[in-house]
J.: 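Mind looking over this structure? Questions follow.
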Amino acid sequence: MISGFVRNGCFEKGVDCYYELVKEGRVRPDFFTYPVVLKACGCLSDGRKIHSWVFKLGYCLDLFVASSLLHMYSRFGFVGDGRRVFDEMSVRDLGTWNAMISGFCQNGKAVEALDVFREMCMEGVKMDSMTVSSILPVCAPLNNLDMGMFAHVYVIKNGLEFDVYVSNALINMYAKFGMLALARSIFDQMMVRDLVSWNSLIAAYEQNSDPIAALGYFVEMKRNGFQPDILTFVSLASIVAQSGDAENSKSVHCCIIKLDLIRGDIFIGNAVVDMYSKLGNIDYAHRVFDGMDNKDVISWNTLITGYAQNGLASEAMEVYKTMRECEMIVPSQGTLVSILPAYSHVGALRQGMKVHGHTVKIGLLSDIYVGTCLIDVYAKCGRLNDAMMLFKQVPRKSSVPWNAIISGHGIHGQGEKSLSLFGEMEEEGVKPDHVTFVSLLSACSHAGLIDQGQQCFKLMQEKYCIQPGLKHFGCIVDLLGRAGHLDMAYDFIKNMPVRPDASVWGALLGACRIHGNVELGALASEHLFEVDVENVGYYVLLSNIYANVGRWEGVDKVRSLVNNRGLKKTPGWSSIEVNNRFGVFYTGNRSHPLSEEIYKELKVLMAKIKNIGYVPDYSFVLQDVEEDEKEQILTSHSERLAIAFGIISTPPKTPIHIFKNLRVCGDCHNATKYISKITEREIVVRDSNRFHHFSNGDCSCGDHW
DNA sequence: TTAGGGTTAG
């Protein structure tokens, strides 16, 4: 009767029936009863109760009963208890071994799964197709390609390649090791393919950054009569995002909605949120997120990352705050990795330190990604010593934390230290990657280390066989340009093997601004506006170049270009942390509760610094307005609002740390020098380009506008 | 009369 219930899916009735049987004492359950009841029980405590009865009755030795117990424990995630049952068994068949292996695999215990597999081989038990398809998925997480290839050879020798599960598992395994040709050849040799085979092949190319090939296989799959399922769409969403194909993102989303896939499934919802945010359409991403019936921690992480990667750090922090208010959601490693870069971005040191404390508490400091994000927070918040201390604590066998600490010293102008860290990295046998060299080259250019920078560029190609990308080229242009070798920088661009992008021309334009080269600046901007017509920051740079040499007709020309092209300046904002609270100020904004006091303080400050020699430089105002209004505009630049707020909110002589999303304007740079003098405060401003340490009327960056 | 074991994801 019990098995009748279970066979018909009425598990609860099966268990009830069993309890009644025992209670009434009418029939004594035997070893035929227990496998069925164990299959039916819906919770761990029922399972444990049954285990103790079985134990008392001595049925644990029965192969069927013991296997069912083992399965029950794995099903509830208590695979360790399953292992204990397994160890006590006197007789095991192949199915028992397979159940133990897959029990560990499905509970994320790859090492234990492999241990059981090895024991099985030692005992001379021959594996079958089920063993192979269980063991293959753990090879990649364990980074054990040898094991995967051993299984593959076994498959060929024993004719198991005709099993569709085995071939699918092989495709997935090789794809995870980036061995696409092998994955593809296994797919090609399959006699019978199912939807999983197609999904696996598509995902293989998608995960190895070949969205075009992946899309081709999707089309072929449809041609072969297969209908896409949830997993196909998860890959498709990523394919569209990788190709930057905003048009098709909506079609993919529409299909998902039409097939009614999005409501019940968190996975596909998360994939769509990720797709829109990677395409820069964060509003859509948020809307999809809001419309999801169920959300898990990954849904939140995806949205936070989306905001952070689209440069909207404050919004990312807002989402994180809301997430922390949800009792159901426990932050994961991924949450920390998504929120910490937002803190780095705006210089939210206290918030970062809070997360640091939390990281120590939950034992995640040994995670290289979390550790590296924290190093980055400390470095970008001006705490290089703390960053260094942390660097010594995190595992550093991979290039990731090294890149962060090298770049950290670079943005503070400590290029020599970056170079010596790179030397240590080489000594410790850690292989640098392309990011290491971007960090190194930019460190060299900020510190004016021209020869060393050029040597690094050579080393990267000759010793490490890394082909330079646009970022590396941009660094070299910056390196040469900043040092005044403008013609060399221009020649370098002309000889580049790839088409220069905006960052390369932008580096040249920036160098022309520093060295006052109007002709080359105009030329660079012509190229620049061809590849990026919308970035107003570059127009401002060009205007500065003209203004500096008094070529007002040039300033007017740039101003009308901006107006004719209907360009709007990216709103400038600055942030500051005072008394553990984080404040953001937008240029010209008067909505802050202390706005009146801030503007009053600024008026006093401006008067004082004018007395000691400050003269406003209106060339930084692109708007076509009267002089007194220009002064008004300069005075309400976001960095000044933040500085004034810092001055009125902290005791005298307290250092002030500001973050600005754009470059600090030349007039603010000059004014801040004077402010640091009269207030006797150290003022640190990190802008989108570098750190500026102001103290006693001077700035460490040495730039002159 | 009883059971257990496999492949794809954000």
Side-chain angles (χ1 to χ4, degrees), chain A residues 1-4 6-7 14 29-40 59 62-75 82 85-86 89 92-106 113 116 120 127-138 140 151 160 163-173 175-176 183 186 190 193-204 206-207 228-238 241 265-275 277-278 289 292 295-303 305-306 334:
Chain A
M1 187 152 70
I2 299 172
S3 74
V6 173
R7 229 179 282 138
D30 59 10
F31 46 71
F32 288 120
T33 322
Y34 286 104
V36 189
V37 176
L38 281 163
K39 187 179 183 182
Y59 293 153
D62 183 82
L63 178 67
F64 285 179
V65 176
S67 293
S68 307
L69 273 171
L70 157 56
H71 179 243
M72 181 274 297
Y73 279 121
S74 304
R75 192 154 55 95
V85 174
F86 177 82
M89 289 172 77
R92 297 176 191 133
D93 64 1
L94 182 58
T96 320
W97 284 101
N98 287 344
M100 194 66 255
I101 294 169
S102 75
F104 277 125
C105 290
Q106 282 161 11
V116 180
M120 176 182 151
M127 53 180 160
D128 66 355
S129 55
M130 291 212 188
T131 326
V132 175
S133 37
S134 296
I135 206 70
L136 280 172
V138 306
L160 301 180
D163 185 300
V164 79
Y165 282 85
V166 168
S167 293
N168 291 347
L170 279 169
I171 295 173
N172 283 296
M173 190 266 298
K176 296 235 166 69
I186 289 160
M190 287 173 81
R193 300 181 188 113
D194 63 5
L195 184 57
V196 178
S197 322
W198 284 100
N199 281 348
S200 303
L201 189 71
I202 294 167
E206 174 259 304
Q207 286 162 3
D229 69 351
I230 285 182
L231 295 182
T232 325
F233 278 110
V234 169
S235 291
L236 266 180
S238 171
D265 193 89
I266 301 185
F267 246 107
I268 190 88
N270 294 347
V272 174
V273 172
D274 191 48
M275 171 183 77
S277 41
K278 285 212 173 96
F289 175 86
M292 284 166 67
K295 301 176 182 94
D296 63 4
V297 66
I298 296 178
S299 322
W300 289 91
N301 296 351
T302 310
L303 190 66
T305 308

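Chain identifiers are assigned alphabetically (A, B, ...) following the order of the sequence lines, protein sequences preceding nucleic acid strands; residue numbering begins at 1 within each chain. Quick note: numbers below take in every heavy atom, side chains included, and nothing from hydrogens, waters or symmetry partners.
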J.: Without decimals, in angstroms, what is the distance between A:Trp198 CH2 and B:dT8 C1'?
T.: 15 Å
J.: Would you mind classifying the nucleic acid contact of A:Lys278 as base, sugar-phosphate or nothing, using non-hydrogen atoms under 4.0 angstrom?
T.: nothing
J.: Is A:Ser74 reaching over with its side chain to a backbone N or O of A:Leu70, donor-acceptor style, under 3.5 angstrom?
T.: yes
J.: Regarding A:Asp229, tell me which of base, sugar-phosphate or nothing describes its non-hydrogen contacts under 4.0 Å with the strands shown.
T.: nothing
J.: Does the ring of A:Phe267 meet both stacking tests against the six-membered base ring of B:dA9: centre distance under 5.5 Å and plane angle under 30°?
T.: yes
J.: Please tell me if A:Lys176 has a side-chain N or O lying less than 4.0 Å from either OP1 or OP2 of B:dT7.
T.: no
J.: Among B:dG5, B:dA9, B:dG6, which nucleotide sits nearest the side chain of A:Gln207?
T.: B:dA9
J.: Which part of the nucleic acid does A:Ser129 contact within heavy-atom distance under 4.0 Å: base, sugar-phosphate only, or nothing?
T.: base
J.: Can you tell me if A:Lys39 touches the phosphate of B:dG4, counting only side-chain N or O atoms and a distance under 4.0 Å to OP1 or OP2?
T.: yes
J.: Tell me whether the side-chain N/O atoms of A:Gln106 come closer than 4.0 Å to OP1 or OP2 in B:dG5.
T.: no
J.: Starting from P on B:dG5, measure out to CG on A:Leu63 and report it in whole angstrom.
T.: 13 Å
J.: For A:Ile298, which contact category applies under a 4.0 Å heavy-atom criterion: base, sugar-phosphate, or nothing?
T.: base
J.: Determine the contact category for A:Val132: base if any of its heavy atoms lies under 4.0 Å from a base atom, sugar-phosphate if only primed atoms, P, OP1 or OP2 are that close, otherwise nothing.
T.: nothing
J.: Name the nucleic acid region contacted by A:Ile171, choosing base, sugar-phosphate or nothing; use a 4.0 angstrom heavy-atom cut-off, strictly under.
T.: nothing
J.: Assign A:Asp128 to base, sugar-phosphate, or nothing according to its heavy-atom contacts below 4.0 angstrom with the strands shown.
T.: base
J.: Taking only side-chain N and O atoms of A:His71, does any of them lie within less than 4.0 angstrom of OP1 or OP2 on B:dG5?
T.: yes
J.: Taking the side chain of A:Val234 as heavy atoms from C-beta outward, which of B:dG6, B:dA9, B:dA3 is closest to it?
T.: B:dA9
J.: Starting at CD1 of A:Ile230 and ending at P of B:dT7, how long is that distance when rounded to a whole Å?
T.: 18 Å
J.: Select base, sugar-phosphate, or nothing to describe what A:Asp296 touches, counting heavy atoms under 4.0 Å on all strands.
T.: base
J.: Any base atoms under 4.0 Å from A:Asn199, or only sugar-phosphate, or nothing? Heavy atoms, all strands.
T.: base
J.: Within the pair A:Ser200 and B:dT7, is there a side-chain N or O less than 4.0 Å away from OP1 or OP2?
T.: no
J.: Suppose we call a contact any N or O donor and acceptor under 3.5 Å apart; does that hold for the side chain of A:Ser134 and the base of B:dG5?
T.: no
J.: Kindly say whether, by distance alone, the side chain of A:Ser102 makes a donor-acceptor pair under 3.5 Å with the base of B:dG6?
T.: no
J.: Assign A:Glu206 to base, sugar-phosphate, or nothing according to its heavy-atom contacts below 4.0 angstrom with the strands shown.
T.: nothing
J.: Distance criterion of 3.5 Å, no angle test: do you see the side chain of A:Asn168 paired donor-to-acceptor with the base of B:dG6?
T.: no
J.: Looking at residues at least two apart in the chain, or sitting in another chain, which of them share a side chain to side chain contact (heavy atoms under 4.5 Å, CB included) with A:Leu63?
T.: A:Ser67, A:Met89, A:Asp93, A:Thr96
J.: Starting the side chain at C-beta, find the nucleotide from B:dG6, B:dA3, B:dG5 nearest to A:Asn98.
T.: B:dG5
